[in-house]
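As structure tokens, the structure follows; a few thoughts come after it.
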Protein chains: 2
Amino acid sequence: MFELDIRSRQPIYEQLVEKIKEFIIREVWGPNEQLPSVRLLAKELTINPNTIQKAYRELEHQGYIYSIPGKGHFVATQPEEVSREKLETAKQQLLKLLCEAFYIGMKKDAILSLVDEAEQIAGGGDPR
Amino acid sequence: MFELDIRSRQPIYEQLVEKIKEFIIREVWGPNEQLPSVRLLAKELTINPNTIQKAYRELEHQGYIYSIPGKGHFVATQPEEVSREKLETAKQQLLKLLCEAFYIGMKKDAILSLVDEAEQIAGGGDPR
DNA sequence: CAACTGTACTATGATATATATTACAGTTAG
DNA sequence: CTAACTGTAATATATATCATAGTACAGTTG
């Protein structure tokens, strides 16, 4: 279900948080859908349940999921603020990297063609 | 001279490597210019000499500087390969981030305006 | 009741980071 | 030559983070 890199410097639980975020953002998992239980996912990924719980706790703290003790974890209905904040973070990261690209001498043409390439890879805007 | 974040999750020596790289890339420090000695820089930044040495070792390994035992560390004359590799790495990072931007629903217009913004901040192409 | 769920806690091991300290050899100015 | 710089290496120590193992308890559901 997820591809985790055990030997990465990025902690497993953080990788999990990112992957699950993507699933939620792209609506692979819709609102109120139940996530795999802590123990089940731990078994599937052959990692410790505590690690899963840590990821779920973080996701809950960030507002992406909610939990009902005894029942399970569920995808939250994304409030507007979360989406806006998410977009703002992405913009800042992108701006920083773009600045660095200019600094090290990348030409604008090269950057623009990267934008086109990314657009194609990502499916480009609305796929309707 | 450098602004380091002690409490950052990124190691101090890595922060140092990045900062010094930028200095070299932007030619704030020119080829064959001498870098601060391990002990001096350690004192100025109030961190351990070993940490500076680790950063210098890494920079030497990556080809950005060279060292002469007994004399000091000096900025290397950047071979073509280093520049090319650097550019390739930057392109890959940028492409990844651009893909993610599209994934989370950023519009192409928004991205293009970020490119313009970055161009202005970075001074935009050749400043002649 | 049994088998799930979440949650909490302790203990342990592994690893990375930064520090302190000492030591030795090359370079250079006085 | 000597003193004061340089780089380099090695050891020991402290600390923080991460992941694991194990146990326990309470809520939910068929």
Side-chain angles (χ1 to χ4, degrees), chain A residues 1-21 23-24 29 31-76, chain B residues 1-21 23-24 29 31-76:
Chain A
M1 175 159 280
F2 300 111
E3 293 160 16
L4 300 177
D5 183 6
I6 299 296
R7 84 192 67 182
S8 166
R9 283 223 316 194
Q10 189 183 29
I12 296 177
Y13 80 93
E14 260 192 22
Q15 294 180 45
L16 260 176
V17 167
E18 286 184 6
K19 301 277 186 191
I20 295 175
K21 266 191 193 178
F23 271 47
I24 296 175
W29 289 347
N32 300 312
E33 190 168 333
Q34 184 166 8
L35 277 68
S37 82
V38 170
R39 291 175 180 82
L40 179 65
L41 189 53
K43 229 168 211 171
E44 280 190 3
L45 301 178
T46 55
I47 58 181
N48 197 281
N50 293 336
T51 306
I52 308 287
Q53 201 196 343
K54 190 170 185 180
Y56 278 4
R57 202 186 309 140
E58 178 62 22
L59 284 165
E60 188 179 8
H61 181 257
Q62 291 186 25
Y64 284 87
I65 66 177
Y66 62 92
S67 86
I68 304 179
K71 298 189 73 174
H73 289 91
F74 305 86
V75 175
Chain B
M1 176 159 280
F2 300 111
E3 293 159 17
L4 301 176
D5 183 6
I6 300 295
R7 83 193 66 181
S8 165
R9 284 222 316 194
Q10 190 183 28
I12 295 177
Y13 80 93
E14 261 193 22
Q15 293 179 47
L16 261 177
V17 167
E18 287 185 5
K19 301 277 186 190
I20 295 175
K21 265 192 196 177
F23 271 46
I24 295 175
W29 291 346
N32 299 312
E33 189 167 336
Q34 185 166 6
L35 278 69
S37 82
V38 169
R39 291 175 179 84
L40 178 65
L41 190 52
K43 230 168 208 171
E44 281 190 3
L45 302 178
T46 57
I47 58 181
N48 196 281
N50 293 337
T51 306
I52 308 289
Q53 201 196 343
K54 190 169 184 180
Y56 279 3
R57 201 186 309 139
E58 178 61 23
L59 283 164
E60 188 180 9
H61 181 256
Q62 291 186 26
Y64 284 87
I65 66 178
Y66 62 93
S67 87
I68 305 180
K71 299 189 73 174
H73 289 91
F74 305 86
V75 175

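Only this structure's heavy atoms are used, side chains among them; waters, hydrogens and symmetry mates stay out. In what follows, chains carry the letters A, B, and so on, assigned in the order in which the sequence lines appear, proteins first and then strands, with residues in each chain numbered from 1.
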**Study point:** Side-chain touch A:Tyr64/A:Ile20, heavy atoms, less than 4.5 angstrom
**Key:**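 No - every pair of side-chain heavy atoms lies 4.5 Å or more apart.
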
Length of the line joining [X]:[atom1] and [N]:[atom2], which is rounded to integer Å:
X	N	atom1	atom2	value
A:Lys54	C:dC9	NZ	C1'	15 Å
A:Ile52	D:dA21	CD1	P	13 Å
A:Glu58	D:dC18	CD	P	11 Å
B:Gln53	C:dA20	CD	P	16 Å
A:Asn48	D:dA21	CG	C1'	7 Å
A:Gln34	D:dT29	CD	P	10 Å
B:Ile6	C:dA18	CD1	P	8 Å
A:Arg57	C:dA8	CZ	P	7 Å

Exercise for review: Report the residue (A:Arg39 or A:Tyr13) whose heavy-atom-nearest nucleotide on DNA chain D is the more 5′ of the two.
Suggested key: A:Tyr13

Check your understanding: 5'-most contact on DNA chain D: A:Glu14 or B:Asn50, nearest heavy atom basis?
Key -> B:Asn50

Contact under 4.0 Å: [X] side-chain N or O vs [N] OP1/OP2:
X	N	result
A:Ser37	C:dT5	yes
B:Ser67	D:dT8	yes
B:Lys71	C:dG26	no

Practice item. Report the C-alpha separation of B:Leu45 and B:Leu16 in whole Å, then their side-chain angles, then the decisive distance to 0.1 Å, and conclude whether the side chain to side chain contact (heavy atoms under 4.5 Å, CB included) test is met. Key: CA-CA 11 Å; B:Leu45 302 178; B:Leu16 261 177; 4.1 Å; yes

Review point. So which heavy atom on B:His73 is nearest to which on B:Ile65, and how close?
Key: CD2-CD1, 4.0 Å

Check your understanding: Taking all non-hydrogen atoms of both residues, which atom of A:Gln10 and which atom of A:Glu18 are closest, and how far apart?
Key -> NE2-OE2, 2.9 Å

[X] side chain, from C-beta outward: closest of [options]:
X	options	answer
B:His73	D:dT8, C:dT7, C:dT17	D:dT8
A:Arg9	D:dT6, C:dT17, C:dT27	C:dT17
A:Ile12	D:dA19, C:dA8, D:dA9	D:dA19
A:Ile47	C:dG6, D:dT20, C:dT7	D:dT20

Point to revise | Step-by-step side chain to side chain contact (heavy atoms under 4.5 Å, CB included) determination, B:Leu4 to B:Tyr13 | key: CA-CA 10 Å; B:Leu4 301 176; B:Tyr13 80 93; over 6 Å; no

